[in-house]
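This report concerns only the one structure given below.
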Amino acid sequence: MKIISLEAENYKRLKAVEITPEGNLVVIGGRNAQGKSSVLDAIWAALGGREGNKAAKPIRDGESKARVRLDLGDLVVTRTWTESGSTVKVESAEGAVFKSPQSMLDELIGRLSFDPLAFTRLSGKEQRDVLLGLVDLPIDLDALGAERERLFSDRTEVGREGKSIGDVQVDKSLPEVETSATDLIVKIREGQESLREAASHADQIAMVAAHLEAAEKQVAELRATAAALADRNVPAVTAEQVANLEMQLSGVEESNAAIRANNAARAQAERKDILRKKYDALTADIAALDAKKQEALGAVAFPVDGLGFDENGVAFNGVPFSQASSAEQIRVSIAMAISGNPKLRVMRIMDGSLLDEENLALVAESAEANDMQVWVERVGRGDGMGVVIEDGEVIE
């Protein structure tokens, strides 16, 4: 569906124009501030409804009413502006009036406002946003990006904490529990007491043995007492053992200090191991998000083969779009506009004067090859100008 004819009265700078386009390339020429842009704006305003009709002053100065009529062959669209607002009417070729005309137009039009030449001049991020609006993504890239940024921030903090711990040396031969000096002192005193008791009994036995003939009974009693001591499970302690305990007591603080330092190192090592595992888990989460994004992008049907995007902008065949040749940029941009208008085969290019003759021919070639009607605004009134506008009217 294309524009068969355009009629506009008092819309913006236009007085009264009637254009019956011929061919796939429709060039609107003329000097600046004569109404060229108003012609192209009139098309979008007639079709676009609330979204496409944002002109602050759609009615020409000094007039009270404006009207744009588009004959699309199967449909005729008429939009009228008054001081109170705008109305739209959609009829069939036979004159039947459709109910809910704007809803019908919204289903009909695609990206009519997409200007391929303007797209080539956008920043990388702006081009990326436009491309995102042209495709159906199964994921929310903004939400995915925010989650990735959060994970990356968490991982950075974990890595910073792990690095601050540094290298930790743990002596695995040292026990984790410190030796109690109190326990050692108790054992020493018990040992000393046992030694004193043993020495005392030994002395008594020696004395009684010297008077063996006179003190048999006393010796027997003492032996019985010694046996009773054994029955009390008092461990046999040697002087050497007591000496070892005393030596151990003298070095217990040094030993415990080493154990404390080693336990602190062990805790640091365990903390660092926990941080390393957390860092690896966050890295895996980030990789999973990246894989999810790539999988989703791989399933997207982009309007042009080789077209894609990343965080920085749009890419074509793996090369940043801004680095593609001007011819490639125009071809890709036109193909994007075509894909956005599957039913209404109309596209507009503002500032067409920026196109040299070679690129203008490329636009014409693409329009014909894809059965697209392209309306182009250019400054001038020489060769190649299909319609010339002056003071709001068609003069050629």
Side-chain angles (χ1 to χ4, degrees), residues 1-9 11-14 16-48 52-53 55 58 68-73 75-79 105 108-121 330-331 333-357 359-390 392-396:
M1 190 179 299
K2 302 175 186 175
I3 297 175
I4 306 302
S5 68
L6 163 67
E7 298 176 13
E9 299 175 5
Y11 180 76
K12 297 179 78 171
R13 289 184 178 274
L14 300 177
V17 298
E18 182 175 350
I19 299 174
T20 302
E22 295 181 2
N24 295 93
L25 185 67
V26 184
V27 179
I28 307 298
R31 294 178 291 112
N32 288 325
Q34 298 299 305
K36 303 185 306 299
S37 298
S38 297
V39 173
L40 273 66
D41 289 344
I43 297 172
W44 180 232
L47 295 170
N53 181 25
V68 176
R69 180 180 184 274
L70 291 178
D71 185 349
L72 304 176
L75 298 175
V76 177
V77 180
T78 304
R79 189 175 294 274
L105 291 177
L108 174 67
I109 63 176
R111 294 277 172 175
L112 180 64
S113 63
F114 183 91
D115 185 334
L117 190 59
F119 178 79
T120 64
R121 302 197 301 271
I330 290 174
R331 284 195 182 96
S333 299
I334 289 176
M336 291 172 63
I338 290 171
S339 69
N341 294 282
K343 297 180 181 178
L344 186 62
R345 311 293 288 175
V346 177
M347 177 171 54
R348 67 176 183 174
I349 297 179
M350 312 294 284
D351 295 330
S353 298
L354 298 177
L355 294 169
D356 58 23
E357 294 303 320
N359 284 330
L360 183 63
L362 177 60
V363 171
E365 176 187 331
S366 297
E368 184 174 356
N370 294 279
D371 192 26
M372 198 78 176
Q373 189 182 68
V374 182
W375 292 63
V376 182
E377 172 198 351
R378 301 194 84 193
V379 177
R381 51 180 298 177
D383 293 340
M385 299 297 173
V387 177
V388 178
I389 302 294
E390 186 171 300
E393 296 180 308
V394 176
I395 63 167
E396 291 183 19

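Because the structure is a prediction, the values reported are computed rather than measured.
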Problem set entry | Distance-minimising heavy-atom pair for Ile395 and Glu390 | CD1-OE1, 3.5 Å
Exercise. Rounded to the nearest 0.5 Å, how far apart are CG of Leu360 and CD of Glu365?
Worked result: 12.0 Å
Exercise. What distance do Leu354 atom CG and Thr120 atom OG1 have between them, rounded to the nearest 0.5 Å?
Worked result: 8.5 Å
Seminar exercise, completed: The side-chain hydrogen bond (donor to acceptor under 3.5 Å, both in side chains) partners of Asn32 (sequence neighbours excluded) come to none
Exercise. If you take all heavy atoms of Asp41 and Met350, which pair is closest and at what distance?
Worked result: OD1-CE, 3.9 Å
Compile the donor-acceptor pairs under 3.5 Å between side chains in residues 1-8 and protein atoms, sequence neighbours left out, one pair per line.
unit_1: Lys2; atom_1: NZ; unit_2: Asp371; atom_2: OD1; d: 2.3
unit_1: Glu7; atom_1: OE1; unit_2: Arg67; atom_2: NH2; d: 3.3

Exercise. Do Leu72 and Leu47 have side chains that get closer than 4.5 Å, going by heavy atoms?
Worked result: yes
Exercise. In chain order, what residues pass the side-chain hydrogen bond (donor to acceptor under 3.5 Å, both in side chains) check against Ser37, with sequence neighbours excluded?
Worked result: Glu377
For this session: Report, as yes or no, whether the 6.0 Å neighbourhood of atom CZ on Arg69 holds more than 12 heavy atoms from other residues, nucleotides or ligands.
Result: yes
Less than 3.5 Å apart, which donor and acceptor atoms pair up between the side chains of residues 16-28 and the rest of the protein, not counting sequence neighbours?
unit_1: Asn24; atom_1: ND2; unit_2: Met372; atom_2: O; d: 3.1

Problem set entry | side-chain hydrogen bond (donor to acceptor under 3.5 Å, both in side chains) partners for Asn359, two or more places apart | Asp356
Exercise. Who are the side-chain hydrogen bond (donor to acceptor under 3.5 Å, both in side chains) partners of Gln373, not counting sequence neighbours?
Worked result: Trp375
Exercise. For Ala46, does its backbone N or O pair with a side-chain atom of Arg79 as donor and acceptor, under 3.5 Å?
Worked result: yes
Exercise. How close do Ala45 and Tyr11 get, heavy atom to heavy atom, and via which atoms?
Worked result: CB-OH, 3.3 Å
Problem set entry | Polar side-chain atom of Ser353 near backbone of Val379 as donor-acceptor pair, under 3.5 Å | yes
Problem set entry | For Gly29 against Lys36, the heavy-atom pair lying closest together | C-CD, 3.3 Å
